[in-house]
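Here the structure is laid out as structure tokens; the discussion comes afterwards.
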Amino acid sequence: MLCIMFRATNALLKRREKLDLELKGKRAVVLGASRGLGAAIAKELAGEGAHVLGISRNPDEGLEWPMLAVDLAAPDAAETIAAHAHRELGGVDILVNNSGGPAPSTAHDTDASQLVEAAQPMLLTITELTRLVLPQMRAAGFGRILTITSSGVREPIPGLALSNTIRAAVHGWMKTLAKEVAMDGVTVNLLMPGQVDTDRLRSLHQKIAEQAEVDREVIVSKAIETIPAGRFGEPREFGAVAAFLASPRASYVTGLEIPIDGGFLRS
């Protein structure tokens with residue numbers, strides 16, 4: 001009996017080692033793919049055999065996937081990206097929207113001009129790019145749209161008024177879209193990172209520390225105390241969730257706002 005159980009367990013482990021996300025040959029466009037969460041997702045997709053085209057304002061050198069230099073704040077950014085993806089990839093099966101975030105701000109000091117400026121890269125370019133790649137996805141009967149936002153959509157983060165406001169609008173648009181295209185084989189999901197160890201997080205902690213006139217480590221310790229997992233997330237953990245949602249295996253998962261935050265959100 002023990003021998004039979006051992007053989008069965010060994011066979012199961014071998015099956016797990018061969019888990020295939022069925023992403024080989026899929027064409028993916030990943031915004032912000034030169035560093036941080038975007039790079040982590042691009043790496044996971046490329047590792048699964050997808051053809052990745054990365055987008056970044058200032059592409060880093062030495063990456064494993066080709067990059068296109070585009071500033072998402074440019075009014076024609078969406079058209080530029082869509083046209084390049086059509087030429088280089090022949091189309092888009094997976095779109096990862098990742099716009100980064102604006103500078104810290106308070107609501108009472110945020111005026112209309114700042115909202116308009118932040119909306120271009122974070123809302124307008126992303127929704128227009130999504131709209132441009134949708135027809136091909138719907139015609140093919142397959143598409144994956146992943147949009148990285150923030151846990152601040154569900155629980156507004158103090159000092160990040162611009163981010164909280166614009167990302168909430170992104171959620172409204174994407175959630176509406178999810179219901180419109182579900183029957184066409186296109187899924188639309190939103191990923192809400194908590195505190196993942198990236199350059200962006202370290203920069204935010206440094207600014208908070210400077211404002212409070214304390215060492216950054218003090219801010220880091222206080223931040224970790226709020227996370228049930230007791231640590232910051234790793235970019236590769238975030239990327240792994242995104243890769244699954246981008247795969248054919250996640251075909252019945254759509255319209256979700258998924259926190260990847262170590263249990264931080266209370267709601």
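These numbers come from the heavy atoms of this one structure, side chains and all, not from hydrogens, waters or symmetry mates.
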For the residue pair [X] and [Y], establish whether any side-chain heavy-atom pair is separated by less than 4.5 Å.
X	Y	result
His84	Val29	no
His205	Gln195	yes
Asn189	Ile145	no
Phe244	Leu21	yes
Leu45	Trp65	no
Thr147	Leu191	no
Ile227	Asp261	no
Lys179	Val188	no

Does the side chain to side chain donor-acceptor pair (under 3.5 Å) test come out yes or no for Ser34 and Asn58, once each step is laid out?
CA-CA 8 Å; Ser34 65; Asn58 299 302; over 6 Å; no

Say you draw a straight line from [atom1] of [X] to [atom2] of [Y]; how long is it, rounded to the nearest 0.5 Å?
X	Y	atom1	atom2	answer
Leu63	Arg35	CG	CZ	10.0 Å
Leu31	Ser99	CG	OG	8.0 Å
Leu146	Leu245	CG	CG	6.0 Å

Are [Y] and [X] connected into the same hydrophobic cluster when the rule is that any two of I, L, V, M, F, W, Y join if their side-chain heavy atoms are below 4.5 Å apart?
X	Y	value
Leu190	Leu123	yes
Ile148	Leu72	no
Ile41	Ile260	yes
Val70	Leu53	yes
Leu160	Val153	no

Between [Y] and [X], is there a side-chain donor-acceptor contact under 3.5 Å, judged purely by atom types and distance?
X	Y	value
Glu88	His51	no
Thr187	Thr254	no
Ser105	Gln114	no

Evaluation steps, side chain to side chain contact (heavy atoms under 4.5 Å, CB included), between Glu79 and Leu132
CA-CA 8 Å; Glu79 290 82 358; Leu132 290 173; 4.2 Å; yes

Give every donor-acceptor pair under 3.5 Å between a side-chain atom in residues 212-223 and any protein atom, sequence neighbours left out.
{"from": "Ser221", "atom 1": "OG", "to": "Glu217", "atom 2": "O", "distance (Å)": "3.0"}

Does the [X] side chain pair with the main chain of [Y], one donor and one acceptor, at a distance under 3.5 Å?
X	Y	result
Arg167	Met192	no
Asp111	Ser113	yes
Lys175	Gly255	yes

Test of understanding: with salt bridge (Lys or Arg N to Asp or Glu O under 4.0 Å), list the residues that count as partners of [X], not counting sequence neighbours.
X	result
Glu237	Arg231
Arg236	Glu234
Glu128	Arg131
Arg200	none

Between Arg27 and Asp93 (salt bridge meaning N to carboxylate O under 4.0 Å), is one present in this structure?
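Result for this pair is yes, salt bridge flagged.
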
Test side chain to side chain contact (heavy atoms under 4.5 Å, CB included) on Asp197 and Arg202 and set out the steps.
CA-CA 7 Å; Asp197 190 16; Arg202 289 188 284 272; 2.5 Å; yes

For Ala243 versus Glu44, what's the shortest heavy-atom pair and its separation?
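Looking at all heavy atoms of both residues, the closest pair is CB-CB, 3.9 Å.
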
Test log, rule side chain to side chain contact (heavy atoms under 4.5 Å, CB included), inputs Ile126 and Met174
CA-CA 10 Å; Ile126 280 177; Met174 292 293 173; 3.7 Å; yes

Taking atom CD of Glu117 as the centre, report whether more than 12 heavy atoms of other residues, nucleotides or ligands fall under 6.0 Å from it.
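At most 12 heavy atoms, drawn from other residues, nucleotides or ligands, come within 6.0 Å of this atom.
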
So, applying side-chain contact (heavy atoms from CB on, under 4.5 Å) with Ile55, which one of Asn98, Thr80, Ile81 is it?
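Option passing the side-chain contact (heavy atoms from CB on, under 4.5 Å) with Ile55: Ile81.
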
What's the verdict on side chain to side chain contact (heavy atoms under 4.5 Å, CB included) for Leu177 and Leu134, showing C-alpha distance, side-chain angles and the deciding distance?
CA-CA 10 Å; Leu177 178 66; Leu134 269 175; 3.5 Å; yes

Inter- and intrachain pairs under salt bridge (charged side-chain N to carboxylate O under 4.0 Å, His left out), touching residues 140-158, at least two apart
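Of all non-adjacent pairs touching residues 140-158, none passes salt bridge (charged side-chain N to carboxylate O under 4.0 Å, His left out).
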
